[in-house]
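Notes follow the structure.
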Amino acid sequence: MVTDGTNTANTQVFIRVLDSNDNPPVFSQPTYDISVSEDMPADTELLRVRALDGDERARLSYTIHSSVDPASMRLFRINPGTGVVYNADRLDYEARTQHILTIMVKDQEFPFNRDLCRILVAVEDINDNVPYFSRTVYDAVAYESSPPGSPVLQVSALDRDNGPNGLLQYSIEAGNTGAVFAIDAATGVISVARDLDLSSVGYYIITVRVTDSGMPPLTATATARVSLTLSDSSQPKFSQREYQAEVMENSATGRYVTLVSALSRSALVYDITAGNHERQFAINRHTGVITTRKALDFERTGSYSLVVRALSMAGVEASATVSVQVGDQNDCTPVFQQLSYVGVISEAAPVNSVVLAEDGNPLVIQASDRDRNLNALLVFNIIDETARSFFTVDSGTGSIRTISNLDYETFSAFSFRVHVRDSGKPQRTADSPAQVHIKVVNINDSPPKFSQDSYETVLLLPTYPGVEALKVTAFDPDLTPDPTVTPADLSVTSALVYTLADRNLEHFSMERSTGVLTVKNRNFSKDRYRFNVKVWDGRFSSTVLVTILVREAMDSGLLFSLPVYSSSVAENDGNVSIVTVVNAVGHRLNEPLKYTLLNAGGRFTVRPTSGVVLTMGVPFDREEQDSYELVVEASRVYDRLRVARVTVKVQVEDVNDNAPEFVDLPYYAAVQVESDPGSVVYRVSASDRDSGLNGDVIYTLKEEHRNFQVDSLRGELILKRSLEADLSNAEYKLTIVAQDGGSPSLSSEVELPVTIMNKAMPVFDKPFYGITVREDVPVSTPILYINATSPQGQSVIYTIMEGDPSLQFDMGFDTGAIRVSYPLDYETTPYYRLTVKATDTQTGARSEVDVDIAVLDVNDNPPLFQKVSYSTTLPENSMIGTPVLQVLALDSDSERNSLVRYQILSDVYNSTDFFHIDSSSGLILTARMLDYETMQQYTFIARATDSGDPTLSSEVNVMVLVTDTNDNPPSFSQSLYEVYLSELAPRGQFVTCVQASDADSCDANRLRYNILSGDERTVFMMDTETGLISLSNQRRQGMRDSFRLNVSVSDGVFTNTAEVNVYVLGANLYSPVFSQRFYLAETRENTPAGSRVIQVRATDEDSGLFGQVTFTFINDLGKSKFSIDAKGLITTAQKLDRENPSNKDIVLTVMALDGGGTERGRYRMSIKSNVAKGSLVTQIQASDLDAGPNGRVIYSLYSEARLPLVDVLEVEPDSGWMVTKGSLLHLQGTILSFFVKATDRGSPAKHSLVSAFIHVLPPDALVPSFTQPQYSFTIPEDTPVGTALGNIYLAPGQTGAYAAVGGETPDSNQERTAQIFNIIYNM
């Protein structure tokens, strides 16, 4: 501002201050700390430093001023303008862990100002150094007697990395066969983990791997070679724990058996200490060779178990077992247990029926052979050709069966011989055959046959009744000529019955039993008669046509010497006697005549050439027929129509064989007390069927009576003297005797009641009343009128005095009519004798008379069976016609009304086809063969019907229980069994279980199993009762790849066979062996990847999976730069540069690995055959100690398992759960045997096998099951012992016992020794 004192003026002045370099630059911080990984690439920005300068025109420049380690200067650089710090090269933690840099910043004006800061660079370590062993190969020696835990050697390795990257862990990579060694992961000390066995492996090449703890970890490998040796104090070591040998029986003395050998640091002496009780064997004390001292006998001792001791010079001993199996030679002959057998079989038996012995059991030919196996496998052979067409003998049991239908009518019996031989080499046969006699039981299965297709004859007139016109004959093949065999036994009719099939034949009659056709009416109206005759055997019938030609006899010129011949025969004479001799004349000289008796009637015969008429020994009964008129015909031999006939009259001479018989019974008499002596009171009459004196009857009183006598000729009872008046109404019982005049005489007696009456007594119009009434007469019906008259004509009162205790009758007191008061019952009282009294109403005089009332039976009662029901048991092999039981029904009616006929009613079960009932006796018989397997029980109704009119009937239930007999062969559940077995399976190892069933229930516990062939060396044994096959005690090492066993099952009568194929899974007995220890190869540098280098080869003596060899590199160099295939071919994996020092000489370590896993334990379970698809069966579990993919387990069914298994089962690959995938019904009763394979994901992959057995049970089997497939419990690690963890439960309604199952690891109850968990079982 400017002023003039008054005014002012203002203006603005701008002043520019020029900067000078008076401020130094200053870093934002005096020290920088950074961390850099040693694998950081070069030229990576590490840090930006910043500085400020107060001067306006300051231009800052950054430089690395200095470093603590001069070497650090070349490892870093800084951008002068930006202050960004870079690493000029990779850092190395192992060279220096920290770098300290001084950074200077200065401005560009003079005088220069500057500032300094420090950068602290910490180098971070990475795992960039591979650990390395102090040596490539380590060698050590271990004593076999070293206990577990003994150190063998120590491997050591170094790692230049620090911290965790330099922390090393040791492990055994390969070569530790049997896991006998263990290595301390921290120290590298290799020690003994299990007992060593010099005889198993004597030299180990172990690959040891060292791994650091970096990420990723780096590894290196080295080889440890461990040789096993015995110490001076060690026990001798046998090359095998058990030796097996086989010597054939009957071998010569001194036969080599086997060689035992043991290892020791000193000389050994061998001897047998046990098992050589009979001193059958000897051993060379120095070489260990065992030989026989005596001949061996298999039948006496089949095997020996020798204990051999090896004693060293130090006094230490060891023992081994030598199992000597004596081989069977076929040196024993089969022997029959008996030389004669008798059997029986029905001709109706179907094919394949068993012949029965006489006791009803199957007929079995029994023989024995002391040899074994094939040498004792007997084969029966029927020698006779005919019998061989009908029968066969079961080789397994000796039972005889039919192979074709039998026919009694063709062969009623068979008698043949049976030979038996064994199946050995050479075959041996029994010294003599067995004799077999088989009876064929006849049944009525054939109709009778007439001897001719038709019959025709000429009947010459005149003829007479009874003349034989024709005789037809028939033959029934079923009829037996053996009189000792009853029809009931053979179910045939004992005789044929002949009848005329056509009715209304008035001229002829047929004799039912003989077939003789006789003339009944001689008045013929036709010259030809044709009709049919029928013959019946009780079941079947046949008919034949009969033609009778009626002709007049032509004049023959022959005459009998007498027109009529007469003779006599004695009655009751059973001897053959001559009746008479007829003689015809009129024929030429020496012309033969034939005499024929035309009406012989079965009692007479005539000699055809002599004419002598004879009796046939049949007794005659004169009372039946007192005379016979025989017609004898004489004819020329060549002219049948020219005959002469004569009558022979034969009188039967009487013999006193009949006693007199009184007629018109009963007798009653009454006599007036005033009667005069000599009056006839009553007359009795008796007749005698005999003739002459034998028929004359004389009457006498048995005892003399003072009032009466009897006329001896007329039979009149006569009053001998007057009766006393006081005898009114008295009664005498007289016995009259009728005696004939024969010698000796015969007699009979009768009782005659005599009642004394006076004049005042009413007089009945009859001395006795009798009437017959039907039992169904209506009540109140008058049945009889009694009439009595009083002498004075007074009325009479009638009453019933006696004989009616039940008041069945009522009598009209004034009419004398007897009526029925209550229904009559013939079955209760068939007869009444009433005493009726008539009383004079005026005088009171009375008299009595007997009234007999006979009740006539009416069919009012049905037949009643004796039992409410009938039941019985019957074996199914009962012959046709076998009696089953007899039903009995009784009918209270009389005579015809009580005649009962029986029948079986038809039903839906066709019982009438299987059973027949005798209509008259009620005996029920079998009509067909029964079959228990088809029908176990028959229930039918039997009806009993009487013969009344109308007929009445009743019915009863009949139950026939059919009992099972052995008539069906057993059958295997499958014809072919296939199982797999490990070669290392121990003795007694379960192989499989074959199962058979038998339709016969009685054979459920009779089935017996055997190995027939395929096991010549006795590798297997079979439980005869269960069918379980297992390895025998004679199991030998080195079994062949497969066995084909032929097994049989027998029920004692029938035998069936099946095939069992056992496939032996090779065990991992051998390690792979390279064809050479070292391989040398060259390859050019820069050859493309995949170029061939060399091929290594290794072999393994195992078979199958265990003999499959794979190759892999152990060292990392080989894995990174080369590859090797399954055949051992090594190729380059990348181009190789020779100028790289590591590529000049490359050492590759190759490992050959076989396919052997380890089989551990086994899984056993049961499952019902009807489980649904997708059901859980069990869980297979395996553990792997490796980590990552190396420890991940995949489950699968073993590839060699039989194919049908994969159709029904599968294994979940990740969980190991076994699941059903199809129906198991077709496998019911079988045991599925297979392996499950657990494989890890490592390279190379490792696996393990476990065997599993699943028993497939019927749907109704009781299989315990848990409520859950898996239970889980979580507990703290400090849980006290004995704490309850939780409960496991069975499914509802099930009971059972609980137990822990041993596993393969210590925490899964390994060997059940140190169990971590226990199960407390409470019902």
Item to complete: Give the intermediate values and the outcome of side-chain hydrogen bond (donor to acceptor under 3.5 Å, both in side chains) for residues Ser171 and Arg209.
Response: CA-CA 5 Å; Ser171 63; Arg209 179 178 292 276; 5.5 Å; no
Item to complete: Take Asp1184 and Asn1190 through the test side-chain hydrogen bond (donor to acceptor under 3.5 Å, both in side chains) and record every step on the way to the result.
Response: CA-CA 8 Å; Asp1184 193 314; Asn1190 295 336; over 6 Å; no
Worksheet item: side-chain contact (heavy atoms from CB on, under 4.5 Å) between Met1021 and Ser1030: does it pass, once the steps are laid out?
Response: CA-CA 6 Å; Met1021 60 182 179; Ser1030 56; 3.5 Å; yes
Practice prompt. Check step by step if side-chain contact (heavy atoms from CB on, under 4.5 Å) holds for Leu1224 and Lys1168.
Written response: CA-CA 8 Å; Leu1224 298 172; Lys1168 295 184 179 181; over 6 Å; no
Discussion item. Could you go through Ser1123 and Thr1131, starting from their C-alpha distance and side-chain angles, then the distance that decides it, and tell me whether this counts as side-chain hydrogen bond (donor to acceptor under 3.5 Å, both in side chains)?
Written reply: CA-CA 5 Å; Ser1123 63; Thr1131 56; 2.9 Å; yes
Item to complete: Just do the side-chain contact (heavy atoms from CB on, under 4.5 Å) check on Thr1024 and Leu1007 with the steps written out, would you?
Response: CA-CA 8 Å; Thr1024 58; Leu1007 299 184; over 6 Å; no
Practice prompt. I would like to know whether Thr1057 and Leu1012 meet side-chain contact (heavy atoms from CB on, under 4.5 Å); could you show each step before the answer?
Written response: CA-CA 9 Å; Thr1057 60; Leu1012 296 179; 3.8 Å; yes
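Distance check: Ile1130 CD1 to Phe1122 CZ gives 8.0 Å after rounding to the nearest 0.5 Å. Gln169 contributes atom CD, which lies 10.5 Å from atom CD1 of Ile183 (distance to the nearest 0.5 angstrom). Considering CG of Leu218 and CG of Asp159, their distance stands at 7.0 Å, rounded to 0.5 Å. To the nearest 0.5 Å, atoms CD1 (Ile206) and CD1 (Ile190) are separated by 5.5 Å. The OH atom of Tyr1063 sits 12.5 Å away from atom CZ of Arg1040, with the distance rounded to the nearest 0.5 Å. The line from CG of Leu1129 to NZ of Lys1127 is 9.5 Å long, rounded to the nearest 0.5 Å.
Under the 30°/60° scheme for interplanar angles, the aromatic rings of Tyr170 and Phe133 are found to be tilted.
In this structure, Pro148 and Arg194 have side chains that are not in contact, with every pair of non-hydrogen atoms separated by 4.5 Å or more. The closest side-chain heavy-atom distance from Thr1239 to Val1193 is not below 4.5 Å. Residues Thr1099 and Val1109 form no side-chain contact, since every pair of their non-hydrogen atoms from C-beta on lies 4.5 Å or further apart. Between Asn1046 and Ile1011, every side-chain heavy-atom pair lies at or beyond the 4.5 Å cut-off. At a threshold of 4.5 Å between non-hydrogen side-chain atoms, the residues Tyr977 and Val1062 do not count as touching. At least one side-chain heavy atom of Phe1043 sits less than 4.5 Å from a side-chain heavy atom of Val1064. Using a 4.5 Å heavy-atom threshold, the side chains of Val1177 and Ile1254 count as touching. Residues Val1047 and Phe972 meet the side-chain proximity criterion, which asks for heavy atoms closer than 4.5 Å.
Distance alone, capped at 3.5 Å, places no donor-acceptor pair between the Glu1212 side chain and the Asp1214 backbone. Using modelled atom types, one side-chain atom of Thr1220 and one backbone atom of Gly1174 make a donor-acceptor pair closer than 3.5 Å.
A salt bridge does not link Arg1192 to Asp1186: none of the charged side-chain nitrogens sits closer than 4.0 Å to a carboxylate oxygen.
Listed by chain and residue number, Val137, Asp139, Tyr203, Ile205, Thr223 satisfy the side-chain contact (heavy atoms from CB on, under 4.5 Å) test with Arg225 (two or more places apart in sequence, or in another chain). Every ring-ring contact (aromatic ring centres under 6.0 Å, His included) that Phe181 has, sequence neighbours left out, goes to Tyr204.
When the shell of 6.0 Å around NZ of Lys1173 is examined, it contains 12 or fewer heavy atoms from other residues, nucleotides or ligands. Shown here is Lys1246, whose NZ atom has no more than 12 heavy atoms of other residues, nucleotides or ligands within 6.0 Å.
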